[in-house]
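Here is the structure we will look at.
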Amino acid sequence: MKRKFLLIILLLSCTSLWSAESQLTVTQYDGTKSNYLLNDISKILIVNSIVSVESVSISDDDIEMKNGDTYQVVYNISPENATNKSVTWSSSENSVATIDANGLITAVSAGNTVITIETEDGKLQDMLNVVVTPLTSVEISDDNIKIYPNPIQNTLFIEMGNISKYEVVINDISGNILYSQFDENEIDFRNFPSGNYYLTLIVNNKYYNFKLIKN
């Protein structure tokens with residue numbers, strides 16, 4: 001009798017019954033059973049079962065950063081022995097903070113953004129709220145930049161020292177741009193509703209951020 005080559009892939013379970021006839025019984029996914037004579041089997045390959053991802057969670061719910069700061073997100077995938085642990089990252093507002101493929105956040109400008117992690121297996125998600133706060137005037141005092149008054153009544157004044165070329169951008173707390181102008185040193189706030197705002201000065205690709213209050 002010519003010897004046969006029979007490759008059996010066992011995905012869930014394999015039950016061997018050694019009998020006088022040297023018989024192997026294989027139970028498949030659907031419960032059906034097949035019997036094989038061991039004399040006719042030259043190789044058995046056992047493939048481990050795929051372990052699916054059940055959940056993904058980020059360690060923090062909210063973090064606060066300042067412009068230029070970086071933060072490494074820590075997360076957990078369950079179960080630990082999941083077969084495919086690949087994830088992707090995204091930021092709802094890249095103008096506020098970006099995130100790379102390794103989960104490293106870089107703060108860009110004042111505002112809020114939501115960082116999302118998503119598993120490749122199962123498309124499961126978790127989210128992290130990021131608030132980027134503006135730098136204070138003390139931290140940039142060496143550049144002789146002054147923004148006043150704060151709180152604001154009607155007019156905001158900007159003194160840039162020896163800096164002549166710059167851009168002024170004002171955002172609301174949701175990150176919407178309300179005002180953008182070049183080389184402006186007086187801004188009329190009379191039509192702005194009372195509340196909090198963020199002002200960004202852009203000088204030679206360098207960002208200076210302020211939190212403003214309009215009374």
Side-chain angles (χ1 to χ4, degrees), residues 48-143 145 147 150-152 156 166-180 192-214:
N48 292 331
S49 299
I50 294 176
V51 179
S52 299
V53 173
E54 296 177 1
S55 66
V56 59
S57 59
I58 297 175
S59 298
D60 296 306
D61 295 323
D62 303 275
I63 61 170
E64 185 173 300
M65 305 175 66
K66 291 185 178 180
N67 181 29
D69 286 350
T70 59
Y71 177 85
Q72 179 62 55
V73 181
V74 177
Y75 67 97
N76 179 65
I77 288 180
S78 181
E80 291 185 2
N81 64 334
T83 303
N84 182 1
K85 291 187 174 182
S86 298
V87 299
T88 56
W89 298 92
S90 62
S91 171
S92 63
E93 294 291 343
N94 284 314
S95 61
V96 174
T98 61
I99 187 163
D100 66 13
N102 297 314
L104 181 67
I105 301 174
T106 301
V108 177
S109 63
N112 295 349
T113 187
V114 176
I115 299 298
T116 301
I117 184 175
E118 181 176 276
T119 62
E120 184 176 282
D121 177 15
K123 303 300 181 183
L124 304 174
Q125 294 184 345
D126 196 15
M127 298 178 183
L128 169 67
N129 185 53
V130 177
V131 177
V132 179
T133 59
L135 299 174
T136 66
S137 57
V138 175
E139 291 173 289
I140 59 173
S141 59
D142 290 343
D143 293 294
I145 297 174
I147 308 291
N150 192 18
I152 308 163
L156 179 70
Y166 56 93
E167 182 180 2
V168 181
V169 179
I170 297 177
N171 300 75
D172 61 19
I173 59 175
S174 298
N176 300 308
I177 297 177
L178 306 177
Y179 178 94
S180 179
F192 283 66
S194 298
N196 296 325
Y197 298 89
Y198 294 113
L199 181 144
T200 302
L201 297 175
I202 306 172
V203 184
N204 295 326
N205 294 322
K206 188 175 181 180
Y207 291 75
Y208 300 92
N209 298 286
F210 297 84
K211 182 177 181 178
L212 304 176
I213 300 173
K214 167 64 188 304

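A quick note: this is a predicted structure, and the numbers were derived from the prediction, not measured. Only this structure's heavy atoms are used, side chains among them; waters, hydrogens and symmetry mates stay out. Sequential numbering from 1 along the given sequence is applied to the chain's residues.
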Looking at [atom1] of [X] and [atom2] of [Y], how far apart are the two atoms once the value is rounded to the nearest 0.5 Å?
X: K85; Y: E80; atom1: NZ; atom2: CD; answer: 6.0 Å
X: L212; Y: I147; atom1: CG; atom2: CD1; answer: 7.5 Å
X: I105; Y: D69; atom1: CD1; atom2: CG; answer: 11.0 Å
X: I173; Y: N196; atom1: CD1; atom2: CG; answer: 6.5 Å
X: S109; Y: K66; atom1: OG; atom2: NZ; answer: 15.5 Å
X: Y75; Y: I117; atom1: OH; atom2: CD1; answer: 5.0 Å

Open item on the list: Between Y166 and I202, is the side-chain contact (heavy atoms from CB on, under 4.5 Å) condition met? List the steps.
Closed with: CA-CA 6 Å; Y166 56 93; I202 306 172; over 6 Å; no

Could you tell me if the side chain of [Y] sits less than 4.5 Å from the side chain of [X], heavy atoms only?
X: L128; Y: I63; result: yes
X: N112; Y: V96; result: no
X: I50; Y: D121; result: no
X: N171; Y: L178; result: no
X: Y208; Y: L199; result: no
X: Y198; Y: N209; result: no

Open item on the list: Is it the case that atom CD in Q72 sees more than 12 heavy atoms from other parts of the structure closer than 6.0 Å?
Closed with: yes

Task: N176 CG: over 12 foreign heavy atoms closer than 6.0 Å - done: yes

Task: Test item: T116 side-chain N/O and M127 main-chain N/O as donor-acceptor pair under 3.5 Å - done: no

- [ ] Return yes if some donor-acceptor pair links the side-chain N/O of D172 with the main-chain N/O of S174 below 3.5 Å, else return no.
- [x] yes

Open item on the list: Show, in sequence, the C-alpha distance, side-chain angles and deciding distance for N94 and V108, and conclude whether the side-chain contact (heavy atoms from CB on, under 4.5 Å) test is met.
Closed with: CA-CA 8 Å; N94 284 314; V108 177; over 6 Å; no

- [ ] Would you name the heavy atoms of I152 and L156 that are closest together and state the gap between them?
- [x] CD1-CD1, 3.8 Å

TODO: Might you point out which heavy atoms bring K214 and F192 nearest each other, and give the distance in Å?
DONE: NZ-O, 2.8 Å

Open item on the list: For a side-chain contact (heavy atoms from CB on, under 4.5 Å) check, start with the C-alpha distance between D100 and T98, then their side-chain angles and the critical distance, and finish with the verdict.
Closed with: CA-CA 7 Å; D100 66 13; T98 61; over 6 Å; no

Indicate whether the side chain of [X] and that of [Y] have a donor and an acceptor atom separated by less than 3.5 Å.
X: S180; Y: E167; result: yes
X: N84; Y: S86; result: yes
X: T113; Y: S91; result: yes

Side chains of residues 51-60: which donor-acceptor partners sit under 3.5 Å, not counting sequence neighbours?
residue	atom	partner	partner atom	Å
S59	OG	V74	O	3.1
D60	OD2	Y71	OH	2.2

- [ ] Verify side-chain contact (heavy atoms from CB on, under 4.5 Å) between W89 and I115, making sure each step is shown before the conclusion.
- [x] CA-CA 7 Å; W89 298 92; I115 299 298; 3.9 Å; yes

